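To keep things clear, I will list the structure first and then write my remarks on it.
These figures come from a predicted structure and were not determined experimentally.
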Amino acid sequence: MNTISDKDTKYYYSRNLPHLFDIHKPVFITFRLKFTLPQSIIDELTKRKIEWQKTYDALDDKDKSAELKKKDVKHFHWFDILIAKSQETPKVLSNHEAATHVSDALHFHDDDRYELIAYCIMPNHVHVVICPKQKPDGDVFPLSKITYSWKRYSATKINKTLNLQGSLWQAESYDHLIKDENELYKVMEYVINNPVEAGLVEQWNEWKSTWIKDEYKPR
């Protein structure tokens, strides 16, 4: 997945990654707060999809094939940045204690059920990169149970801290299996630069709710 561009990433990471692909590939996961999409976002997404379709229809067969492979990634990126910039969506995770509850949930099963590689807690959604580990029976810990544990723990804590009630998280989560080392670098760059693209900070390390494992930090 290249959610930024097809050019080489501008950050460099240590090359200690092959072990991540020996048993099970890393996974990019996104989950967001439960809220009704503002009409402005729906309208903008619709407009961009119509424009994309017009551009796609004008391509030859070879270019259509290449563009079709990038379609889902483009649509995800549009949606992600639109909700990040929106002033009409809840910003529960801007609260420091709320964000801390999420980070605590992400770290809790690190080195147990998965290897935690990177995450970014945005005001209304969360990006995470993990590498699920094998259980004693040889099966890999299922993503559904991993994300459920994050949501359950953090929702309980956040609702209590902020005196909220009801469901906190959208039931569905987005996940994408990362196929190789090059894609992993691009995904990690996307995750840590999400606050920069949303105009919240100028440098990735200025966002206090971004974390990346030491050996993968930009040099």
Side-chain angles (χ1 to χ4, degrees), residues 1-32 69-77 79-81 84 93 99 102-122 125-154 169-170 172-197 204-205 207 209-219:
M1 171 188 297
N2 182 356
T3 47
I4 299 177
S5 70
D6 291 327
K7 65 183 179 180
D8 292 335
T9 54
K10 55 189 174 184
Y11 297 119
Y12 297 90
Y13 302 83
S14 61
R15 294 280 168 168
N16 251 344
L17 302 178
H19 73 282
L20 293 176
F21 299 95
D22 289 344
I23 299 174
H24 194 68
K25 294 177 181 178
V27 183
F28 172 46
I29 303 168
T30 296
F31 57 101
R32 69 170 175 87
K69 291 178 181 178
K70 297 184 289 185
K71 177 183 177 181
D72 290 343
V73 171
K74 282 188 175 182
H75 289 189
F76 168 83
H77 179 61
F79 178 80
D80 186 46
I81 295 302
L93 304 180
V102 177
S103 64
D104 287 346
L106 298 177
H107 281 282
F108 188 79
H109 286 295
D110 183 22
D111 290 329
D112 173 18
R113 297 182 180 180
Y114 49 82
E115 178 180 352
L116 184 60
I117 299 172
Y119 63 76
C120 180
I121 303 168
M122 296 289 284
H125 66 285
V126 182
H127 295 303
V128 192
V129 182
I130 63 169
C131 188
K133 290 181 175 288
Q134 283 185 311
K135 297 186 293 183
D137 63 6
D139 289 338
V140 175
F141 280 98
L143 289 181
S144 58
K145 290 188 176 181
I146 291 172
T147 55
Y148 175 75
S149 69
W150 293 341
K151 292 178 180 180
R152 182 183 62 179
Y153 175 87
S154 59
W169 299 107
Q170 184 77 13
E172 297 82 8
S173 300
Y174 169 89
D175 59 78
H176 172 79
L177 192 65
I178 299 171
K179 65 180 182 298
D180 56 33
E181 185 176 330
N182 184 57
E183 185 179 19
L184 178 59
Y185 295 145
K186 292 175 180 178
V187 169
M188 286 193 292
E189 183 175 343
Y190 180 80
V191 169
I192 67 176
N193 276 291
N194 210 227
V196 178
E197 280 212 65
W204 75 269
N205 52 8
W207 189 252
S209 294
T210 293
W211 179 91
I212 186 167
K213 200 166 185 177
D214 284 343
E215 56 260 47
Y216 308 135
K217 285 183 178 178
R219 300 296 186 237

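- Other residues, nucleotides and ligands contribute more than 12 heavy atoms inside 6.0 Å of the NZ atom of Lys135.
- The backbone N or O of Ile121 sits nowhere less than 3.5 Å from a side-chain atom of Trp211 that would complete a donor-acceptor pair.
- The salt bridge (charged side-chain N to carboxylate O under 4.0 Å, His left out) check on Lys74 picks up Glu67, with sequence neighbours excluded.
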Check your understanding: Do Lys217 and Lys213 pass the side chain to side chain contact (heavy atoms under 4.5 Å, CB included) test, and can you show the C-alpha distance, the side-chain angles, and the key distance before you say yes or no?
Key -> CA-CA 6 Å; Lys217 285 183 178 178; Lys213 200 166 185 177; over 6 Å; no
Practice item. Show your reasoning for whether ring-ring contact (aromatic ring centres under 6.0 Å, His included) applies to His125 and His127. Key: CA-CA 7 Å; His125 66 285; His127 295 303; 4.8 Å; yes
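- For the 3.5 Å distance criterion, the side chains of Tyr185 and Glu181 qualify, holding a donor opposite an acceptor.
- Here the side chains of Val27 and Tyr114 are not in contact, with every heavy-atom distance at 4.5 Å or above.
- Residues Ile29 and Val126 form no side-chain contact, since every pair of their non-hydrogen atoms from C-beta on lies 4.5 Å or further apart.
- Under the 6.0 Å cut-off for aromatic ring centres, Tyr174 and Phe31 do not qualify, their centroids lying 6.0 Å or more apart.
- Looking only at atom types and distance, the side chain of Asp72 has no donor-acceptor partner in the side chain of His176 under 3.5 Å away.
- There is a side-chain donor-acceptor pair under 3.5 Å between His107 and Tyr119.
- No hydrogens or angles considered: a donor-acceptor pair under 3.5 Å links the side chains of Trp169 and Ser154.
- In summary, the side chains of Asp80 and Tyr190 do present a donor paired with an acceptor at a separation below 3.5 Å, with no hydrogens or angles considered.
- Applying the side-chain hydrogen bond (donor to acceptor under 3.5 Å, both in side chains) test to Asp112 and every residue at least two apart in sequence or in another chain returns His109.
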